[in-house]
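Following: one structure in structure tokens, then a few remarks.
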Amino acid sequence: MVKVITYGTFDLLHYGHIKLLERAKALGDYLIVGVTSDDFDKTRGKINNQQSLIERLSAVKSTGIADEIIVEEYEGQKVDDIRRYDIDIFTVGSDWEGRFDYLNDFCKVVYLPRTKGVSSSDIRAESRKIRMRIIGGLKTGEKVGAETAYVNGVEITDSDNTEDYDAVYIATMPEEHYAEIKKALLDGKHVLCESPVAIKRTDYNELKEIAREKSLILADAIKTAYSTAYSRLLAVAKSGIIGEIVSVDAVCTSLREGVGERGANFDGKQNSMCAWGPTAMLPVFQLLGTEYKSKSIVTKLISKEKLFDGFTKIDFIFENAAASIRIAKAAKAEGELVVTGTKGYIYVPAPWWKTDYFEVRFENQTDNKRFFYQLDGDGIRYEIVAFAKAIEGNKRSCNISEDVTSAICSVTEDFYNGKYLEI
Ligand code: C2G
């Protein structure tokens, strides 16, 4: 019996895929089809599959061509599969010509002609592209422009004619967010805005209501929330593996030349509270909830007039847990995240906010576990994918719940209202 294997994503299964499967089957007697998992696709740069693994698996199954279907989850699995299933022929479309020649050491490799004129990308693009305009000149806005190139179905437009765009990315100073968001929402545009979305909780509540009434997305752009490693970390922390969470401690610093000097010009520069506060607060609120009992803010102001904090420490007390964040633009510390539990802890090395890696550690070191997930483009491209999916799926928000955004606005507001201790 000749056993054949082929692999693919098979997103929005189309005629080209079916032809490929038929040709693959015709090469032998028994066909195994490997469907790529969502995580594996992310690591190989395919970030916006429209369908989940389950949907793609059942689409392949419904063709009735495959004798067996497996999931492809990791780099190097092909060799393992070829050995495990005693495969005679590995085959794939001619768009991969030459790329799998190394498998010749294990079985015969056949590149089949690719069907012209049809692709998942074309089908995805048929549903109209979301046109996004970037407002504001902060550097992150530029990055978003560049990263959008990796996302199917979203394109950047420079036009400020309201008919030419569907969504905005707001990269202005935090004080300007409220007015910009309000204008965009009233114009009927979806909004992805850098955090803090507003520096007053009531402002955020008003904006949230406008978005709700007009069925628009108002999303908080903290890129960390969209990274795979960070999402897995949340899931692992909540799984109970480290026991009950008793503390979340996050540190975010970025020391830039000139910022720490007295009399420096702070125009156009975000203070530590706005630049780092939201990111540092994210794991605190996402793991412990937003109902803290009390908090205290300690800050070292470099410019009182501009309310520019060089270093800020915030302690939160919850019913059964504590949390702390340390953030700075004019001080430096190890940028790590530690989630302390009653059975063990999660450690994310610096810079934890753009991480692809974390560890779960226990008293007995041999029980430690390491987790690695590829992170491309600091997570920005995943953020845009999530935003686009929220728009298409008519969801309320992306990866950050309204409660968390609201809590971040509220802490920011307290800081702006002078509810801090100065050191
Ligand atoms: N295909 C084809 N004709 C098309 C489109 C796709 O013959 N018009 C083939 C591809 O060459 C591939 C299979 O259909 O063999 C699945 O295509 P994709 O879902 O795009 O998966 P791909 O990323 O090519 O995955 O490591 C190899 C990959 O797993 C192959």
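Indexing begins at 1, ligand by ligand and atom by atom, following the structure's order.
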Is K78 positioned over the aromatic face of Y7, cation under 6.0 angstrom from the ring centre and no more than 45 degrees off axis?
yes
Would you verify whether the NZ or CZ of K42 falls within 45 degrees of the ring axis of Y382 while also being under 6.0 Å from that six-membered ring's centre?
yes
Any donor and acceptor pair, going by atom type alone, linking the side chain of Y292 with main-chain N or O of D315 inside 3.5 Å?
no
With the threshold set at 4.0 Å, does a side-chain nitrogen-carboxylate oxygen contact exist between R131 and D166?
yes
Check this for me: does any side-chain nitrogen of one of D367 and K343 sit under 4.0 Å from a carboxylate oxygen of the other?
no
Please tabulate, one line per pair, the protein N or O atoms found under 3.5 Å from any N or O atom of ligand 1, giving the distance to one decimal.
unit_1   : atom_1 : unit_2 : atom_2 : d
ligand 1 : 3 (N)  : T115   : N      : 3.2
ligand 1 : 8 (N)  : T115   : O      : 2.8
ligand 1 : 8 (N)  : V118   : O      : 2.7
ligand 1 : 11 (O) : G93    : N      : 3.3
ligand 1 : 11 (O) : D95    : OD1    : 2.6
ligand 1 : 15 (O) : G93    : N      : 2.9
ligand 1 : 19 (O) : T9     : N      : 3.1
ligand 1 : 19 (O) : F10    : N      : 2.8
ligand 1 : 19 (O) : H17    : NE2    : 3.4
ligand 1 : 20 (O) : K46    : NZ     : 3.2
ligand 1 : 21 (O) : T9     : N      : 3.2
ligand 1 : 23 (O) : R44    : NH2    : 3.0
ligand 1 : 23 (O) : K46    : NZ     : 2.7
ligand 1 : 24 (O) : W96    : NE1    : 2.7
ligand 1 : 26 (O) : K78    : NZ     : 2.7

Any side-chain heavy-atom pair of I199 and M273 under 4.5 Å:
no
